[in-house]
Amino acid sequence: MALTVQRSPATNDYRLLVQDDRIHGSLYTDPGVFADEMARIFTDGWVFVGHESEVPDIGDWVSRRLGTEPVLMVRNRDGAISVVANRCAHRGTTLCPQNDGNDRNFRCSYHGWTYDLDGTLLSVPGPKGFHKDTADLGLDRPGQIDDYRGFVFANRSGTAGPLSEHLGAGGTEMLDRTANMSPTGRVRLGAGWIGQRIDSNWKMWPESDNDGYHLNFTHASMARAVPDTYYDEIVMTGEGASASVTRAYDGGHLELDFRRGYTAELAWLGTTREKVADYCEALEQSYGPEKAKAIMWDGPPHALVFPNLFLAEMNIARIEPVAPGVTVHHHTPLLVEGTDESVNRRLVLQSEAAMGPASFFLTDDAVIAERMHRAFEGAVVGNDGWVDLSRGLEREHAEDGQRWSDITDETTNRGFWHHYRDVMAHGIGDSPANGA
């Protein structure tokens with residue numbers, strides 16, 4: 001059955017807590033703020049669930065969360081994708097405790113209630129003692145489900161408007177660039193997810209994942225251990241030294257745009273055309289020489305689709321809020337179709353080096369996020385506990401629904417927080433979603 005959501009008004013003054021050039025640290029730690037976010041962002045708004053390639057066959061399912069709500073993304077009997085609550089409508093038992101699987105239906109282990117793949121209640125043991133209409137007792141379902149280029153999104157309340165409006169020009173373009181890294185225009189998330197629990201607030205991850213200012217400091221050990229990577233050229237060169245820029249799009253979508261900073265074709269892949277000739281030829285056959293050349297030079301986006309989808313170049317990450325001070329950061333390599341599998345093996349190895357449990361980037365960022373969260377646990381609204389986000393504010397450029405500036409500027413952070421303020425102060429649908 002469709003999910004009915006009762007949303008209480010926000011009790012915090014988000015216009016005070018999020019200002020044009022600073023935000024208050026209590027936004028990371030206040031349980032009331034977290035509750036408001038689960039209602040206004042993760043219930044009333046569009047949230048990334050998964051990719052269609054994860055459930056290729058009828059009966060395939062994966063377990064996910066919409067905010068703190070456990071759900072299943074499943075391939076139905078008609079080939080469509082459904083998202084249903086991972087919770088029996090009878091007494092609330094978790095239906096599928098595993099991460100993924102394939103089933104003909106979902107049967108509760110407590111009392112045997114059985115549901116079809118789309119959440120319809122099929123049978124109740126001992127029917128003589130049961131007099132309600134079973135049509136009203138299916139699994140809860142989000143009010144809206146939609147996808148773009150295979151990326152599946154859901155809106156629990158059903159009040160968010162079209163997905164196209166949520167993505168806007170910025171989100172649409174970044175997902176197009178991601179999908180077009182494959183010669184067929186279809187990517188796969190089939191290498192398995194790694195989830196890392198971090199004792200920090202979830203919002204620190206859209207910030208950190210799209211921050212070009214911290215790289216020289218937080219990730220200095222990577223530069224020493226693995227010199228002469230393309231990151232040395234595009235971001236780890238200091239203020240004004242790179243042609244790369246930081247961008248904030250309308251709708252809270254963000255990007256560290258490295259395209260103008262690359263000095264060689266396929267620099268983002270760390271290789272040359274000769275070593276991945278099959279991949280390059282397949283791109284040219286699919287897109288033509290001119291567009292294929294642009295793809296090979298530009299590479300994939302390093303970007304956030306608000307609120308929880310991180311397009312981490314040739315990786316995909318899901319940001320999962322658990323509690324005010326607990327986040328799970330899930331990631332998986334982005335695999336391509338229509339070419340030799342050696343390219344995908346290379347992508348898996350790169351993912352392990354960049355984001356795995358023994359990697360440089362994610363482990364460094366986790367330490368910083370946990371230190372930040374601990375530092376703000378006692379923040380009280382007043383003269384203390386403020387976070388300055390003013391870097392580069394006076395030199396930003398604005399045009400066509402986006403703002404951009406030097407790669408070291410905090411344009412992305414401001415873009416995230418300004419959209420957050422609009423959503424949290426008014427609620428989804430009460431006013432137009434504004435950008436930075």
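Since the model is a prediction, treat every value here as computed from it, not as a measurement.
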Hey, which of V71, T94, T93 is the one that makes side-chain contact (heavy atoms from CB on, under 4.5 Å) with N86? T94

Going through the checks in order, is the salt bridge (Lys or Arg N to Asp or Glu O under 4.0 Å) test met by D388 and R22? CA-CA 5 Å; D388 185 82; R22 65 177 189 169; over 6 Å; no

Which residues pass the side chain to side chain donor-acceptor pair (under 3.5 Å) test with Q144, sequence neighbours left out? none

Would you say the ring centers of F306 and H253 fall short of 6.0 Å from each other? no

Taking the side chain as every heavy atom from C-beta outward, state whether L137 and H90 have any atom pair closer than 4.5 Å. no

Residue pairs involving residues 174-192 (criterion salt bridge (Lys or Arg N to Asp or Glu O under 4.0 Å); sequence neighbours excluded): R149-D176, E173-R177, R177-E255, R186-E337, R188-E341

Testing the basics here: between E207 and K203, what is the closest heavy-atom pair and its distance to 0.1 Å? CG-O, 3.2 Å

Hey, which of F48, W46, Y148 is the one that makes ring-ring contact (aromatic ring centres under 6.0 Å, His included) with F153? F48

Could you verify whether a donor N or O on one side chain and an acceptor N or O on the other, from D36 and Y14, lie under 3.5 Å apart? yes

Classify the side-chain pair T43/R156 by whether it contains a donor and acceptor separated by less than 3.5 Å. yes

Which salt bridge (Lys or Arg N to Asp or Glu O under 4.0 Å) pairs, counting each pair once, include a residue from residues 45-58, with sequence neighbours left out? E54-R64

Run the side chain to side chain donor-acceptor pair (under 3.5 Å) test on D365 and H329 for me, step by step, so that the C-alpha distance in whole Å, both residues' side-chain angles and the decisive distance to 0.1 Å come before the verdict. CA-CA 11 Å; D365 289 334; H329 194 286; over 6 Å; no

Salt-bridge criterion met for R15 and D422 (N-O under 4.0 Å): yes

Can you list the residues that meet the side chain to side chain donor-acceptor pair (under 3.5 Å) rule with N413, with sequence neighbours excluded? D211

Non-hydrogen atoms of M355 and A312 that approach each other most closely: SD-CB, 4.0 Å

Smallest heavy-atom separation, V84 atom then R141 atom, equals CG1-CG, 3.9 Å

Heavy-atom distance under 4.5 Å between the side chains of M314 and V336, does that happen here? yes

Between Y28 and W202, is the ring centroid distance below 6.0 Å? no

Here the salt bridge (Lys or Arg N to Asp or Glu O under 4.0 Å) pairs for residues 366-377, sequence neighbours left out, are none

Under 3.5 Å side-chain donor-acceptor pair for N315 and S351: yes

Can you check whether L389's main-chain N or O pairs, donor with acceptor, with R414's side chain at less than 3.5 Å? yes

Is the closest basic N to carboxylate O distance between D20 and R421 below 4.0 Å? yes

Taking atom types as modelled, find out whether T411 and R247 have a side-chain donor-acceptor pair closer than 3.5 angstrom. no

Is it the case that more than 12 heavy atoms not belonging to Y213 sit under 6.0 Å from its OH atom? no

If I compare all heavy atoms of P324 with all of N201, which pair ends up nearest, and what's the gap? O-ND2, 2.9 Å

Check whether the ring centres of F310 and H302 lie less than 6.0 Å apart, and answer yes or no. yes

With sequence neighbours left out, write down each residue that passes side chain to side chain donor-acceptor pair (under 3.5 Å) with T332, or none if nothing qualifies. none

